[in-house]
Colleague: 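Structure below; questions to follow.
Note that the structure is predicted; figures quoted are calculated from it, not measured.
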Amino acid sequence: MEQASLAMKTPSSVIKCRAAVAWTTNAPLSIEEVEVDPPKAGEVRIKILYSGVCGTDNHILEGKDKMPLPIILGHEGAGLVESVGQGVATVKPGDKVLMLPLPECRKCIYCLHPKGNLCEKENILSPTGLMLDGTSRFTCRGKKIYHLYGTSTFTEYTVVDEIAVAKIDAAAPMDKVCIMSCEVPTGFGAVFNTAQVTPGSICVVFGLGGIGSAIVMACKASGASRIIGVDINEKKFPRARALGVTDCLNPRKLQKPVQEAVMEMTGVGVDFAFEAIGLIETMVSALKSCNMSYGVCVIMGVAPTGSQLSFDPMVLLPGRTLKSSIMGGYKTRDDIPKLVTDYVQKKINIDALITHKLPFEKVNKAFKLLREENCIRCVLSL
């Protein structure tokens, strides 16, 4: 019935619905009535069913990552296509879809290169808060509201460009696969694609939240013999151990820099280090935790706007490798639906990465859980 009703609608009308608007930083989100314009050519309007709450959303709320305001946050969304604009050919009303913070145009040099995935039409490095045509589809209290990464999923309806929408398996449980818009591919891909963790290796993971937990699962699946987890929130340690972490470190309780503790624990440093927090100091600590001759450090955390990464180049000279990864190196529209199908077919299991579920109106409680409790990922139902 849901799909049938969606298919009957036309994209000619504005939809009024609820959305969580960030009017300013360091303040709770405000549940507002917003107007969502119909999709223009090459765009898709989507009824959001579920959305994950990611640490990056929290960094924006805290003012660490600068975004144009007011804005509708959220970038881990699963929903149904409500209507499509002229020329849209890859999805139709009623389709189950994921919204992707990193688009895939399938035409630019990065999309066409076998190793590249940072589409030229991305809206992450220098976020405009607008659609590809330079305008917004959201209005609230007579003001235009900005989009986040071309997605914005803390709303009952959103409009995204077709290149940022992936049709997924019709059997996919939407309350689970919504985290495949960011958490799962970012963590899994950092391990499988970027670092290429080897059996028997020793790994350290800085940050045991959503991305870090996905990294831990992937390291274990890759056959890592030891996984050291680093976090200042010890409430996360029991869940981390259940996922595969063998040793937990709280830097605030150490008498020395965490990288020195890792070196003492391993003798020569780790084979692979992952930074999933987004702080300059933890990025440097992760790099220095690596074996100096062949250790590989992968950064996924988004550092505060304007940050500069600084370390003695002698840290790299002996042979350490510093890499970064966005969305795990996956070509989003091509690869993420395959991950969803793998989950539907029980080839992978991501259930343990979702620890809390709340109704949409409790979005601010979700952020509190993320900051203070043993929350890996909270999923909002809209």
Side-chain angles (χ1 to χ4, degrees), residues 2-3 6-15 17 36-51 72 74-113 116-125 127-138 145-170 172 174 177-178 180-182 185 326-327 330-341:
E2 182 77 55
Q3 293 190 1
L6 289 173
M8 289 167 57
K9 294 183 180 179
T10 65
S12 60
S13 58
V14 170
I15 288 179
C17 68
V36 184
D37 292 341
K40 295 183 180 180
E43 297 176 358
V44 182
R45 189 161 61 184
I46 297 164
K47 176 179 174 57
I48 306 286
L49 300 179
Y50 297 94
S51 177
I72 295 175
H75 58 278
E76 277 188 348
L80 300 173
V81 174
E82 179 268 337
S83 57
V84 300
Q86 183 179 0
V88 171
T90 58
V91 295
K92 64 184 185 304
D95 282 347
K96 284 186 174 182
V97 293
L98 295 182
M99 284 126 282
L100 307 168
L102 180 66
E104 182 189 352
C105 72
R106 296 174 174 162
K107 296 178 181 179
C108 72
I109 187 172
Y110 304 111
C111 287
L112 294 175
H113 194 281
N117 80 326
L118 189 72
C119 179
E120 283 185 347
K121 297 187 183 298
E122 57 82 23
N123 197 11
I124 296 175
L125 299 182
T128 63
L130 301 170
M131 302 290 289
L132 286 176
D133 71 349
T135 62
S136 168
R137 300 293 169 270
F138 299 125
I145 308 296
Y146 288 101
H147 299 243
L148 176 66
Y149 303 148
T151 50
S152 288
T153 60
F154 294 169
T155 172
E156 292 175 318
Y157 286 87
T158 192
V159 177
V160 300
D161 292 289
E162 182 183 14
I163 62 172
V165 179
K167 180 180 177 180
I168 59 172
D169 195 310
M174 304 294 267
V177 301
C178 62
M180 287 192 170
S181 286
C182 173
I326 186 167
M327 291 294 286
Y330 289 110
K331 293 186 184 294
T332 50
R333 283 205 290 165
D334 289 343
D335 294 336
I336 289 179
K338 297 175 185 176
L339 288 176
V340 173
T341 299

Colleague: What I'd like to find out is whether the side chain of Pro103 reaches to under 4.5 Å of the side chain of Asp161, using heavy atoms alone.
Modeller: no
Colleague: If only atom types and distance count, is the side chain of Thr153 paired as donor or acceptor with the main-chain N or O of His75 below 3.5 Å?
Modeller: yes
Colleague: Does the side chain of Lys107 come within less than 4.5 Å of Ile163's, by heavy atoms?
Modeller: no
Colleague: Would you name the heavy atoms of Glu162 and Ala89 that are closest together and state the gap between them?
Modeller: OE2-N, 3.0 Å
Colleague: With side chain to side chain contact (heavy atoms under 4.5 Å, CB included) as the test, would you mind laying out the steps for Arg106 and Asp334 before giving the verdict?
Modeller: CA-CA 9 Å; Arg106 296 174 174 162; Asp334 289 343; 2.9 Å; yes
Colleague: Could Glu82 and Arg45 be called an ion pair, given the rule that one side-chain N must be under 4.0 Å from one carboxylate O?
Modeller: yes
Colleague: Would you find a donor on one side and an acceptor on the other, under 3.5 Å apart, between the side chain of Glu120 and the backbone of Tyr110?
Modeller: no
Colleague: So which atom in Ile168 and which in Ala172 form the shortest heavy-atom distance, rounded to 0.1 Å?
Modeller: CD1-CB, 4.0 Å
Colleague: Out of curiosity, Ser83 OG to Lys47 NZ, how far, rounded to the nearest 0.5 Å?
Modeller: 12.5 Å
Colleague: Return the CD1 to OH distance between Ile124 and Tyr149, rounded to the nearest 0.5 Å.
Modeller: 6.5 Å
Colleague: Could you tell me if the side chain of Ile48 sits less than 4.5 Å from the side chain of Tyr157, heavy atoms only?
Modeller: no
Colleague: Asp37 versus Val159: any side-chain heavy-atom pair under 4.5 Å?
Modeller: no
Colleague: Can you list the residues that meet the salt bridge (Lys or Arg N to Asp or Glu O under 4.0 Å) rule with Glu122, with sequence neighbours excluded?
Modeller: none
Colleague: Say whether, by atom type as modelled, one donor and one acceptor occur between the side chain of Thr151 and the main chain of Pro101 under 3.5 angstrom.
Modeller: no
Colleague: Closest heavy-atom contact between Tyr146 and Phe138?
Modeller: O-CD1, 4.2 Å
Colleague: Could you pull out the closest heavy-atom pair between Gly74 and Leu148, with the gap in Å?
Modeller: N-CD2, 3.5 Å
Colleague: State whether the side chain of Ser136 and the backbone N or O of Ile145 hold a donor-acceptor pair below 3.5 Å, judged by distance alone.
Modeller: yes
Colleague: Not counting sequence neighbours, which residues clear side-chain hydrogen bond (donor to acceptor under 3.5 Å, both in side chains) with Asp133? List them please.
Modeller: Lys40, Thr135, Arg137
Colleague: Using atom types as modelled and distance alone, determine if a side-chain donor or acceptor of Asn117 lies under 3.5 Å from a backbone N or O of Ile326.
Modeller: yes
Colleague: Run through Thr90, Val91, Ile46 and flag the one making a side chain to side chain contact (heavy atoms under 4.5 Å, CB included) with Val84.
Modeller: Val91
Colleague: For Ile109, is the CD1 atom crowded, meaning more than 12 foreign heavy atoms sit under 6.0 Å from it?
Modeller: no
Colleague: Calculate, to the nearest 0.5 Å, the distance between atoms OG and CE belonging to Ser181 and Met327 respectively.
Modeller: 7.0 Å
Colleague: Lys167 side chain to Arg333 main-chain N or O, any donor-acceptor pair under 3.5 Å?
Modeller: no
Colleague: Can you give me the closest heavy-atom contact between Pro185 and Leu339, atom names plus distance?
Modeller: CB-CD1, 4.2 Å
Colleague: Keeping the roles fixed (side chain from Lys121, backbone from Cys105), state whether a donor-acceptor pair exists under 3.5 Å.
Modeller: no
Colleague: Work out which heavy atom in Pro337 is nearest to a heavy atom in Thr332; give both atom names and the distance.
Modeller: CD-O, 3.5 Å
Colleague: Quick one: does Ser51's side chain have a donor or acceptor within less than 3.5 Å of a partner on Glu76's backbone?
Modeller: yes
Colleague: Would you indicate whether the side-chain heavy atoms of Asn123 and His147 approach each other to under 4.5 Å?
Modeller: no
Colleague: Side chain to side chain contact (heavy atoms under 4.5 Å, CB included), that's the test. Do Leu125 and Leu118 meet it? Break it down for me.
Modeller: CA-CA 10 Å; Leu125 299 182; Leu118 189 72; 3.7 Å; yes
Colleague: Below 4.5 Å, heavy atoms only, C-beta onward: do Asp169 and Val177 meet side chain to side chain?
Modeller: no
Colleague: If we ignore hydrogens and angles and just use 3.5 Å, is the side chain of Lys331 paired with the main-chain N or O of Gly116 as donor and acceptor?
Modeller: yes
